[in-house]
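All of these numbers come straight from a predicted model, not from anything done at the bench.
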There are 2 protein chains.
Amino acid sequence: MKRTDFKNCSCAMQRSMGILGTRWKPIIIYTLRDRKARFGQLDALIENISRKVLTSSLKELEEDGIILREEFKELPPRVEYALTEKGKALIPIMCQLAKWNEEYYEESEPLIL
Amino acid sequence: MKRTDFKNCSCAMQRSMGILGTRWKPIIIYTLRDRKARFGQLDALIENISRKVLTSSLKELEEDGIILREEFKELPPRVEYALTEKGKALIPIMCQLAKWNEEYYEESEPLIL
DNA sequence: TAAAGTAGTTACCTTTGCGTAACTATCAAA
DNA sequence: TTTGATAGTTACGCAAAGGTAACTACTTTA
């Protein structure tokens with residue numbers, strides 16, 4: 001089952017996963033929760049992401065109406081990425097997902113101090 | 001970057017994605033939001049999932065403390081899957097993800113009637 | 001004796017996601 | 001003329017995710 005098939009499912013959860021169901025996309029959205037950011041900033045803000053994954057994820061998120069790409073005709077060129085209304089509606093959900101992990105982190109992976 | 005590396009990141013969102021960042025896992029959790037279910041029931045309830053993906057996803061979700069596998073020594077054998085406390089804490093988040101798609105579905109994919 | 005139901009496993013294969021590194025284009029400044 | 005900055009793209013390849021189909025083991029029922 002391809003990504004596009006997920007997006008046409010009868011189940012709303014499956015459709016959501018067609019848009020968000022990868023490792024990096026929710027992290028990108030979470031990073032844009034309180035700021036616009038340029039390509040290079042996202043690359044720096046998100047630990048360990050590669051430019052290639054960033055490129056393709058941003059492109060797909062734009063196709064799915066989650067983020068907006070704004071290109072400024074300046075030199076050197078500047079491009080800013082920001083969440084759309086549809087994307088902004090995900091902010092509280094993404095924040096809860098991060099908070100969820102903080103609450104249950106110690107339980108599953110005991111830290112040695 | 002492997003799944004296990006995500007789970008040890010310093011960013012809580014990245015850790016969450018180490019556990020949940022696939023197409024099918026959130027759908028499985030969502031399906032268990034209001035009921036326990038047996039293997040065969042999950043297979044029937046979740047459209048288009050394969051038994052193989054179901055097997056491996058259930059195994060990893062159990063390792064990560066999200067679901068509980070309860071085996072009854074009956075004949076024919078019965079196994080029930082249910083959310084743990086850690087898994088139950090995800091229910092409202094998963095429901096919001098489904099609701100989010102319902103709200104924005106028409107905007108992105110106009111239906112022909 | 002054969003079929004049916006439960007809960008998977010196994011082998012094999014394809015697709016997607018992701019990583020690394022080198023490369024492009026543009027212009028300004030040194 | 002070379003360097004630097006921005007914002008990517010491209011080629012190559014590996015590993016993980018996912019799909020298909022056949023098979024196992026057990027017992028009850030027909």
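- Mapping A/Phe39 and B/Lys2 onto DNA chain D by nearest heavy atom places A/Phe39 at the nucleotide closer to the 5' end.
- Contact between the side-chain N/O atoms of A/Arg23 and the OP1/OP2 oxygens of C/dC18 is not found at any separation under 4.0 Å.
- Distance, B/Trp24 CH2 to C/dG17 C1': 17 Å, rounded to whole Å.
- Between A/Arg51 and C/dC23 there is no side-chain polar atom (N or O) within less than 4.0 angstrom of OP1 or OP2.
- When each of A/Arg38 and A/Met1 is assigned the nucleotide of DNA chain D with its nearest heavy atom, A/Arg38 is the one assigned upstream, toward the 5' end.
- Atom-to-atom, CD of A/Glu60 to C1' of D/dG8 comes out at 16 Å; the value is rounded to the nearest Å.
- Sorted by first and then second residue, the salt bridge (charged side-chain N to carboxylate O under 4.0 Å, His left out) pairs involving residues 15-25 of chain A (not counting sequence neighbours) are A/Lys25-A/Glu60.
- Residue A/Lys59 places at least one side-chain N or O under 4.0 Å from the OP1 or OP2 atom of D/dT9.
- When rounded to the nearest whole Å, the span between CD of A/Glu62 and P of D/dG8 equals 10 Å.
- Per the geometry, CG belonging to A/Leu20 stands 16 Å off C1' belonging to C/dG17, to the nearest Å.
- Closest to the side chain of A/Arg3, out of D/dA17, C/dT10, C/dG17, is C/dG17.
- Every pair passing ring-ring contact (aromatic ring centres under 6.0 Å, His included) that includes a residue from residues 24-55 of chain B is listed here, sequence neighbours excluded: A/Phe6-B/Trp24.
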